[in-house]
Amino acid sequence: MLDLKYLRNHFDEAKTALSRRSSEAAAALEGIWQLDERRRAAQQEVDTLKNERNLVSKEVGQLKAKGGDASEKIGEMKKVGDQIASLDQMLREVEEALEKKALFIPNIPHPSTPDGTSAADNKQVRQYGEPLKYHFKPKTHWDLGTQLGILDFERAAKISGSGFVCHRGLGARLQRALISFMLDLHTQKHGYQEVSPPYLILEKAMVGTGQLPKFAEDMYALRDDPLYLAPTAEVPVTNLYREEILKFEALPLKLCAYTPCFRREAGSAGKDTRGMIRVHQFDKVELVKITRAEDSYDELEKLVVDAEAVLKALELHYRVLLLCAGDMGFSAAKCYDIEVWCPGVDAYLEVSSCSNFESFQARRMSLRYKDAEGKNQTCHTLNGSGTALARLTIALLETHQQADGTVKIPQALRPYMGGLEVIAV
RNA sequence: GGACGGGUGGCAGAGUGGUCGAUCGCGCACGCUUGGAAAGCGUGUUUACCGCAAGGUAACGUGGGUUCGAAUCCCACCCCGUCCGCCA
């Protein structure tokens, strides 16, 4: 959520910056401005009346204590009380309308976020390695995985319909190995604390990180309970500290978590239907940081490096993109995507998205810290995939495949695979 | 799921209709004291909103209600604890 005070004092600036993302978002600011004006006027009015009531009520108490007659004042205050009640009601309605509107406004892009309206405008900032040359035609992961008996799409569909995969045998072991490998890397080498959070999430937590109210159709909701399935560990992990005021010295908090992720992919019907490029359930190790306001951009750079370390260790070729204003997620101010090369599907696939949300999420969840002067400040929050397993698995299988249809396991992963060097039938 | 008990400031814990945003203690910060520290003494120490400010308003789990006035009375819900039932 944007800072309404900032908006009040820097309206044109905010509008210009937001228009880099979308013209609709910028236009919606006008309504916010008007509601904010109405809210302040109503609050001043009702506060004045409440002050009067408090003063007179105090007099009534004193009068009655002395045994005097207070019925006239009581009668007056009854009227004032009715006025207050109806004004309070009005104020509440304005506040609700304001909040509702404000929750739909996306974050303002950081000045270092480039202009642009689509993925074509994203800027590559660096790459690691080169696409490997093969003396045979690289197979797709669905062919490799099915032939090796480690990916079972057909039977997964019997259980859950399309868009699901079942990992079997060494495939299942590979998932477990990757999860352990990544968690160990981030906790032991990068200083993150491991968290294993709940996967079912209350609406207010989903609002806190920005998935709701705007993207309800992308979320799985339970039928009989007011809970959503976590679309990413970002939601439960960032919300751990909702409505807290953290100590200055405690920051930055660096957390990592493995969770499954559940996504309806409502807007993506028909896209990436083969294999497991886009599935409704996938595993992911997520990195989350909660920082002081002044540190968040340094922490973002380090976060990307931490995510890249996974791909380097697994001997994969990737590139890092800086997303343009129009292609960024709703809550982000600046975002890097890491895309890994997958020779079978002949494409770069996004395995990590590292974002600085600045105070956007923290304000929604009232997450603050005491600064050096002891004043309360809104925290900055960041997160990045470290990394998403479905696509990472695609890259692993397709990159390290051999002419005979077997797949070499990179050195770093072998200890987690019981020393196994090759996945074969 | 059932029964009982409880939710008040960083912690602990008073307060059962009116100068209570809230006693006291601990903790913390600053100052005095000291060679230095401890002790002691003094001052301060929740948050949000409105306002240039003075100041005002709101919040005692959440939401409603009663009242001129609610931390305090009534109703519903949520969370925590204990016991019972069920269960991996």
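Order of the sequence lines sets the chain letters (A, B, ...), proteins ahead of strands, with each chain counted from 1. Every value quoted in this text rests on a predicted model; they were computed, and no experiment measured them.
Rounded to an integer number of Å, the gap from A:K50 NZ to B:C68 C1' is 15 Å. Atom OH of A:Y369 is separated from atom P of B:U46 by 20 Å (rounded to the nearest Å). Atom CD of A:E243 is separated from atom P of B:U46 by 20 Å (rounded to the nearest Å). Rounded to an integer number of Å, the gap from NZ of A:K204 to P of B:C78 is 12 Å. Atom CG of A:D3 and atom P of B:A48 are 12 Å apart (whole Å).
An OP1 or OP2 oxygen of B:G56 is reached within less than 4.0 angstrom by no side-chain nitrogen or oxygen of A:N51. Not one side-chain nitrogen or oxygen of A:R40 sits closer than 4.0 Å to the OP1 or OP2 atom of B:C49. A sub-4.0 Å separation between OP1 or OP2 of B:U47 and a side-chain N or O of A:R368 is absent.
Taking atom P on both B:C60 and B:U19, the two are 15 Å apart, rounded to the nearest angstrom. B:A38 and B:C28 are spaced 10 Å apart, taking the P atom of each and rounding to whole Å. Atom name C1', nucleotides B:U33 and B:G40: the rounded distance is 8 Å, in whole Å. Distance noted for atom P between B:G25 and B:A14: 15 Å (whole Å). Using C1' as the reference atom, B:A12 and B:U23 are 14 Å apart when rounded to the nearest Å. Across B:G31 and B:A37, the matching P atoms stand 11 Å from one another, rounded to whole Å. Across the C1' atoms, B:U43 and B:U47 are found 22 Å apart, a figure rounded to whole Å. The same atom, P, is picked in B:U82 and in B:A71; the two are 31 Å apart, to the nearest Å.
If you check every strand for non-hydrogen atoms under 4.0 Å, A:K73 touches nothing. Using a 4.0 Å heavy-atom criterion, one finds that A:K78 contacts the sugar-phosphate atoms exclusively. If you check every strand for non-hydrogen atoms under 4.0 Å, A:Q44 touches sugar and phosphate atoms only. Counting any heavy atom pair closer than 4.0 Å across all strands shown, A:K370 reaches sugar-phosphate atoms only and no base atom.
Ring orientation note: the planes of A:F262 and A:Y220 are nearly perpendicular, at an angle over 60° on the 30°/60° scale. The aromatic rings of A:H110 and A:Y297 lie tilted to each other, with the angle between the two planes from 30° to 60°. The aromatic rings of A:H190 and A:Y192 sit perpendicular, their planes meeting at an angle over 60°, well past the 30° parallel limit.
Between A:N54 and A:G61, the residue anchored closer to the 5' end of RNA chain B is A:G61, taking for each the nucleotide with the nearest heavy atom. Each of A:G75 and A:I245 was assigned the nucleotide of RNA chain B with the nearest heavy atom; the assignment lying further toward the 5' end belongs to A:I245.
With B:G64, B:C68, B:C49 as the candidates, the nucleotide lying closest to the side chain of A:R39 is B:C49. Counting only heavy atoms from C-beta on, A:K5 has its side chain closest to B:C49 among B:U57, B:C49, B:G18. Comparing B:G51, B:G18, B:U57 by their nearest atom to the side chain of A:S57 picks out B:G18. Residue A:R8 places its side chain closer to B:G51 than to any other of B:G64, B:U46, B:G51. Distances were taken from every side-chain heavy atom of A:N376 (C-beta onward) to each of B:C68, B:G64, B:A48; the shortest belongs to B:A48.
Side-chain contact annotation: A:E30 with A:Q34, donor-acceptor N/O pair under 3.5 Å absent. With no hydrogens or angles considered, a side-chain donor-acceptor pair links A:Q361 and A:T381 at under 3.5 Å.
For A:D47 and B:G56, a side-chain-to-base donor-acceptor distance below 3.5 Å is present, hydrogens and geometry of angles not being considered.
A:F153 has its ring centre no less than 6.0 Å from the ring centre of A:W142.
Taking the ring axis of A:Y416 as reference, the NZ or CZ atom of A:R176 does not stay both within 45° of it and closer than 6.0 Å to the ring centre.
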